[in-house]
Amino acid sequence: MKKIVLGCILWSLLVLTIIGSVLLPIQTDRVVSLHNIEPQKNSALVFFGFPTCSGSCPVTMAYLTDMIQTWPNDGTDSPDIIFINIDLDSNEHATQEYAQSFHSSFYGYQPTYKQLKQFTADFGLNIKKIQDDISHKARTYYIEKQGSQWRLKQVFNPERLEYAQLSNALSTDGI
C-alpha cells in the first residue's frame, strides 16, 4: 500500500513539474550575451523568430506591440523589444523592416551563424530547420542589465504570453 501511495505522489510531482515547465514562466538569473545589440533601456524583451513565419511569430509580435502601445503612463519605462531573426538566409534590412512593421521602436537584429549559435546556448533555444521551414519554441525572454552584464530573468512560453500576464510579471520584476 505504501508503495502505491508513494508511486502516486511521485507521479503527481512529475506531472506538475512537466505542466509547470510548459505553462508557467521560467525564472532564471543567468548571464546572456547580446553581442553588439545595445538596448537603450535597462530591460528588454527578446523574441527569436523569423519574418516569413505564419504561426506564432506574428502573434507574439502583435502581443508585444499591444503591450508597448498600452503601457501605463505611471513613470515606469517599458522594456525595449528586440526581434532576433533565426533565419540565417534572411538579411538585416528584412529583419529590421519586419520588427518595425509592428512598432517603430522595435529593434530587429540579424545574427551571424556564430552569434546564433551563441544565442542558442545562452537562451536555451531549440531551433531546427526542416527544408524551407524553421521549427522553434517561440518563447519571449525578459532580460535586465545589471552592471555591465545582461541577465536572463524570465522566459515566457507562447501558450502563456498574454498582455496581462506579461505586463504583471514585468512590473513585479521592477521595471
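Keep in mind it's a predicted model, so treat the numbers as computed, not measured.
- For the 3.5 Å distance criterion, the side chains of D80 and Q40 fail to qualify, holding no donor opposite an acceptor.
- When side chains are defined from C-beta on, Q110 counts as touching S90, because their heavy atoms get closer than 4.5 Å.
- Scanning for side-chain hydrogen bond (donor to acceptor under 3.5 Å, both in side chains) contacts around K117 gives an empty result, with sequence neighbours left out.
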* **side-chain contact (heavy atoms from CB on, under 4.5 Å) between S78 and K41, worked out** => CA-CA 8 Å; S78 63; K41 300 173 184 174; 3.2 Å; yes
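- For the pair K153/R151, a side-chain contact is recorded, criterion being any heavy-atom separation below 4.5 Å from C-beta on.
- Annotation: side-chain hydrogen bond (donor to acceptor under 3.5 Å, both in side chains) contacts of T65 (sequence neighbours excluded): none.
- Remark: C57 SG to I134 CD1 distance equals 8.5 Å, nearest 0.5 Å.
- Considering only residues two or more places apart in sequence or on other chains, D89 meets the side-chain hydrogen bond (donor to acceptor under 3.5 Å, both in side chains) condition with K129.
- One finds the CG atom of D122 at 9.0 Å from the CG atom of L152 (value rounded to the nearest 0.5 Å).
- One distance of note links CG of L64 with CZ of F156; it measures 10.0 Å at 0.5 Å rounding.
- Side-chain contact between Q149 and E144: absent, with no pair of heavy atoms (C-beta onward) separated by less than 4.5 Å.
- The main-chain N or O of L116 is found under 3.5 Å from a side-chain atom of T120 such that the two form a donor-acceptor pair.
- If you take NE2 on H103 and CE on M67, they are separated by 10.0 Å, rounding to the nearest 0.5 Å.
- Scanning all heavy atoms of the two residues, the minimum distance from Q96 to G108 falls at OE1-N, 2.7 Å.
- When side chains are defined from C-beta on, Y63 does not count as touching P58, because their heavy atoms never get closer than 4.5 Å.
- With sequence neighbours excluded, the residues that form a ring pair (Phe, Tyr, Trp, His ring centres under 6.0 Å) with F48 are F119, F123, Y141.
- Taking the side-chain hydrogen bond (donor to acceptor under 3.5 Å, both in side chains) definition, one finds that S56 meets it with nothing, sequence neighbours left out.
- Separation of the F83 and Y109 ring centroids does not fall under the 6.0 Å cut-off.
- Note that the OG atom of S43 and the CG atom of D77 stand 7.0 Å from one another [nearest 0.5 Å].
- A donor atom on one side chain and an acceptor atom on the other are not found under 3.5 Å apart for Y113 and Q115.
- Applying the ring pair (Phe, Tyr, Trp, His ring centres under 6.0 Å) rule to Y107 yields no partners; only residues at least two apart in sequence or on another chain are considered.
- Residues L45 and I82 form no side-chain contact, since every pair of their non-hydrogen atoms from C-beta on lies 4.5 Å or further apart.
- Residues P39 and L34 have side chains in contact (heavy-atom distance under 4.5 Å, counting atoms from C-beta outward).
- With contacts defined as side-chain heavy-atom distances shorter than 4.5 Å, the pair I37/I84 qualifies.
- Closest of all the heavy-atom pairs between N85 and P111 is O-CD, 3.1 Å.
- The distance from the CD atom of Q100 to the CZ atom of F106 is 10.0 Å, given to the nearest 0.5 Å.
- Looking at V46 and T140, their side chains never come closer than 4.5 Å, going by heavy atoms from C-beta outward.
- Closest non-hydrogen pair, F47 versus R139, comes out as CD1-O, 3.4 Å.
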